[in-house]
Amino acid sequence: NAHAASAIVNASHVPMWGAADAVSDAVAAFLRETRAPVERQGIELVRGMQVNTAVPAAQAAFDGGFRLLMILEYLPAQDFFRECARADPDCAMCVFGEAYALKPPLVEPVKLNWLRLAHRVSKRGLALAERIAAETEAAAFAAERLAEEEENEKGEAKDKADKGAKEEKAEAMVAAAAAALARARATRAHRDLLMLRAIAARYSSPDPTPSDVPRMNRAYAEALSEAAAAFPDDADVLYFAGEAWLSVNPWLYWAKDRRTPTPWANASLGYLHRSIDIYPKQTGSLHMLIHLYEPSRLVDVSVPYTKTLIGLIEHGADHLLHVCSHALTRVGDYATATAANTAAAGFPLGEQRYPYHNLEALVWGARLGGDRESAHAGANRMVALTEYTAFCRVGDASWYSEERFSVQQMLTFIYFEEWADLAALRTPPPPELLYTRAVWYFGRGMAAAHGHGGAAIEWLELLKSQSELVDAAPIDYEYGNLKQLTHIYEWTLRGALLLEIEGDIAAALRALRHALALQEALWYDEPYPLYRSRRPALADALLRDNQRAAAISLLYDDLAEFPNQKDVLALCARLNASNCIERDASGNRVSVPLFPDVIGAPKRVAWGTENRFAPSKMVEEEKARGMSAARGQASMPMLMVMVMAAVAVAAVGIVVRRVLGVAPLKGTRAHALV
C-alpha cells in the first residue's frame, strides 16, 4: 500500500544492489519512517467551476473533481464526477468531467482501454447535454415570453392607475428575474453542450488505435476553440481550449530559435494567457503555461506564475509545487527550485503524483546550485524509493525505467568529483541492470582516471562492452535517453583517460567534442537527462591546450542554457571573464565555433521540432561519425609509417600488425579505443 510509506529513508550511500541485509534495512526504514506534516500556511483552495446544476451536493462534488484535475489526479477525480452525476443525473458537465478524467496527462502514454470507456461515457454525456440544452432553451423562451407579458400588463395597469398596479409591478419583477435565471441556465447548458461535443470528438472512435489519437486530439482542440469563441470570458473554458491545443503535438511547441511558437502552441498561448487575464489564479492555465515556456528562450515569462502557484497549493498538490521548478531551474534560481522539490517530495508517498520525478528534479537543481548536501540526500532517497517500488510500482515507475533514478547516487558522486566515494562502491550491480552497470563502470573509470581505483583503461573497455548491451535493451531504455546517455559516458571517460593519464590533449579534445555532439542530439526532457553538461569538461581541456577564447565561449553557451551554475561561474572568475564573456577590441563578444571540421557539425535535435523520443540509431550515427573522424586523423601517420616501412625492413612487422588491426595506433589501448 503506497499510503503506508509516508516517507523515504535517507540512507547513507547504500546502493540498491548492495548486500542483502543493507537493502533490507533500507526498505524496512523506508516503511517505518514517519515525517512531520508538511506546513501549509496561507493555503487557498483551487477554485472550482460553476456548472449547470441546482443541487449543492452535485456542485460540491464537481468542484472536488475539478480541483483534482488541476493537480493531475485523474483517477480519484473520476469518483468525484460519478458522485456528482448521482447527486444530479441531469448535470451534463459531471459526465464531461468523468470522460475528461479518462484522458491521460500529457506526460503519460495513451491507454486505449480508457479511450474505449471514454467513448461510451462521452456519448452518453453528449445525449444528455443535447436534451438539457433543448429543455433549458425552451424553458428560457417560455419564461421570457411570460416576463414580456407581465411587463405589458404592468404598463397597462400604470396607464389605468388602478388599484392593482403594485401587484402587477411585483409580478413583472418576479417574471423578469425568473426569465433571467432561465436564460442563465440555458446559456450554461449551451456551454455544456459545446464542451460535451468537444469531448465526444476527443473520443469519437469506439475502438481506437494509436494512429487515431492525433486525429481525435485535433478534433477535440478545434471543437473547444468553438466553445472558447462562444464564451471568451470564461476562464475555465479557455483553460480547456489551451490545454487541448498542447495535446495536438505534445512537447513540440517551439521552432528552432526557441522563441517562435508553433501554430498549435501559439493558439494555446492565446487561450491560456486570456484565461489568467480573466482569473489570475486559474491553476490549470498557470500549470500549462509553465510547461509551454520551459523549453523556450522565453522561460522568464513564466517565473511570476510560479509565485502564484505556490500560493495556491492545497493538500496533495505536490505536482504544482514541483512544476514551479521547471521554470526556476531554467532561470538559474536553483535554491528556490530545490526548496520547492524538497517540499513536493515531503508529501506522503501515496499522495505524490510523480515521486521519482520530484526527487530527480531536486537532485538536478541542487547539483547546479552547488548544494551538495541536498543533492546527496535526494539521491539517497531515490535509491531507497527505487528499491521500494521494485515491489509495489508506485507512481511513474511502471512506465519509466527505474534505472534512470537508481543511478543518481553515483552520478552525484561524479558531479562533485568525489572519486574516493566512487572507488568505494566495489559491489557491481546485477547483470540485468544494464544501464546501472554502465554508470557504475563509468563512475569507477572516472575515479581511476583521477587516481582512485585501479586501471582506467580496464573500466573503459568494460563500459564500451556494456554500451553495446544497453543498445540492444528493451524500449524502456529509450524513453529515458538511457541508450544515448551511455554513449556520452563512454566518450567522456575516453576523454578523461586521454587527458589525465595519457596526456594527449588533441585526442582528448576529439573524444570530449564527440561527447558534446551526442549531448546536443539529446531530445528535450525535464530535468535535463544528462547529470551535467559536457561543456565545462571540454572547456577545461581547451584551457590546457591554451585555447582560452574557445573555452570562454563554450562556458558562455553553457551559462546561457543553465544560468548561475556555481562551478561554471567560479571557472569564469578564475579566467577573469565576467559571466564568461570575452570581448574583442570593438566590445563584441568573441564566439569560437564549437565543432571544427575534424568532427563535423553534430546533428542537433531542436527542442520542439522533432519527435520527442529520438530513434536509437542516432547513437550509432554519431558514434560512426566520431570513429570516422578519428580514422581520418590517423590516416596521415599511418601513411608515413608505410613509407618508412618501405625503407626500413625492421618496421615491416609493425606495419603488418597495424594493417591487420592487431596493434594499437599509438601504443596504448586508450588510443585504440578512441
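It should be emphasised that the depicted structure is a prediction, and the values quoted were computed from it without experimental measurement. Quick note: residue numbers are just sequence positions, from 1.
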In plain terms, say whether Glu73 and Arg67 are close enough for a salt bridge, that is, a side-chain N and a carboxylate O under 4.0 Å apart.
no
Might you work through the side-chain hydrogen bond (donor to acceptor under 3.5 Å, both in side chains) test for Arg185 and Asn52, ending with a clear yes or no?
CA-CA 6 Å; Arg185 287 175 176 168; Asn52 204 23; 5.4 Å; no
Whether the side chain of Gln484 engages the backbone of Leu518 through a donor-acceptor N/O pair (distance < 3.5 Å, no angle test) should be reported.
yes
Parallel, tilted or perpendicular, judged at 30° and 60°: which one describes the rings of His357 and Tyr354?
perpendicular
Are side-chain heavy atoms of Val51 and Arg188 found at a separation under 4.5 Å?
no
Pairwise side-chain contact, Ser268 with Leu292, heavy-atom cut-off 4.5 Å (strictly under):
yes
Does the pair Arg535/Asp557 count as a salt bridge with the N-to-O cut at 4.0 Å?
no
Tell me whether the rings of Trp364 and Tyr528 are parallel (<30°), tilted (30 to 60°) or perpendicular (>60°).
tilted
Just by distance, no angles: are the side chains of Ser533 and Asp558 close enough, under 3.5 Å, to form a donor-acceptor pair?
yes
Hey, mind stepping through Phe405 and Leu359 against side chain to side chain contact (heavy atoms under 4.5 Å, CB included) and telling me if it holds?
CA-CA 9 Å; Phe405 311 106; Leu359 288 170; over 6 Å; no
Below 4.5 Å, heavy atoms only, C-beta onward: do Leu555 and Leu569 meet side chain to side chain?
no
Interatomic spacing from CG in Asp236 to OG in Ser275 - rounded to 0.5 Å:
6.5 Å
Min side-chain heavy-atom separation Phe347-Asn358 under 4.5 Å:
no
Compare all side-chain heavy atoms of Thr329 with those of Leu368 and state whether any distance is below 4.5 angstrom.
no
Pairwise distance CD(Glu226) to CE(Met195) - rounded to 0.5 angstrom:
13.0 Å
Hey, does Thr136 have a side-chain heavy atom less than 4.5 Å from the side chain of His190?
no
Could you tell me whether Glu561 and Arg532 have a side-chain N and a carboxylate O separated by less than 4.0 Å?
no
Ring centers of Phe240, Phe96 separated by less than 6.0 Å
yes
Does Arg404 come within less than 4.0 Å of Asp525, counting only side-chain N to carboxylate O?
yes
Does the pair Arg124/Glu98 count as a salt bridge with the N-to-O cut at 4.0 Å?
yes
Minimum heavy-atom separation for Ser374 to Leu362, with atom names?
O-CD2, 3.5 Å
With Glu243, which residues qualify under side chain to side chain donor-acceptor pair (under 3.5 Å), at least two apart?
Tyr100, Lys103
Salt-bridge contact Asp233-Arg274 (side-chain N to carboxylate O under 4.0 Å)
yes
Exam field: side chain Tyr253 to backbone Thr262, donor-acceptor pair closer than 3.5 Å
no
Any chance the side chains of Asn341 and Thr338 put a donor and an acceptor closer than 3.5 Å?
no
Cys84 and Cys94: sulfurs closer than 2.5 Å?
yes
Name all residues meeting the disulfide bond (SG atoms under 2.5 Å apart) criterion together with Cys324; count only those two or more places apart in sequence or in a different chain, and write none if there are none.
none
Is any side-chain heavy atom of Leu238 closer than 4.5 Å to one of Ser285?
no
Tell me whether Arg197 is salt-bridged to Glu130, with the criterion being a basic N under 4.0 Å from an acidic carboxylate O.
no
For the backbone of Ile276 and the side chain of Gln282, can you confirm whether one donor and one acceptor N or O come within less than 3.5 Å of each other?
no
Establish, from distance only, whether the side-chain atoms of His326 and Glu294 form a donor-acceptor pair under 3.5 Å.
yes
With ring pair (Phe, Tyr, Trp, His ring centres under 6.0 Å) as the test, would you mind laying out the steps for Phe62 and Phe81 before giving the verdict?
CA-CA 6 Å; Phe62 185 90; Phe81 292 126; 5.2 Å; yes
Ring centroid separation Tyr271 to Tyr239 under 6.0 Å:
no
Measure from the side-chain N and O atoms of Gln565 to the backbone N and O of Asp567, and report whether any donor-acceptor pair falls under 3.5 Å.
no
Say whether, by atom type as modelled, one donor and one acceptor occur between the side chain of Asp257 and the main chain of Thr260 under 3.5 angstrom.
yes
What do the steps show when you test Trp114 against Tyr203 for side chain to side chain contact (heavy atoms under 4.5 Å, CB included), and what is the final call?
CA-CA 10 Å; Trp114 284 28; Tyr203 304 122; over 6 Å; no
Does a donor on one side chain and an acceptor on the other come within less than 3.5 Å for Ser225 and Trp245?
yes
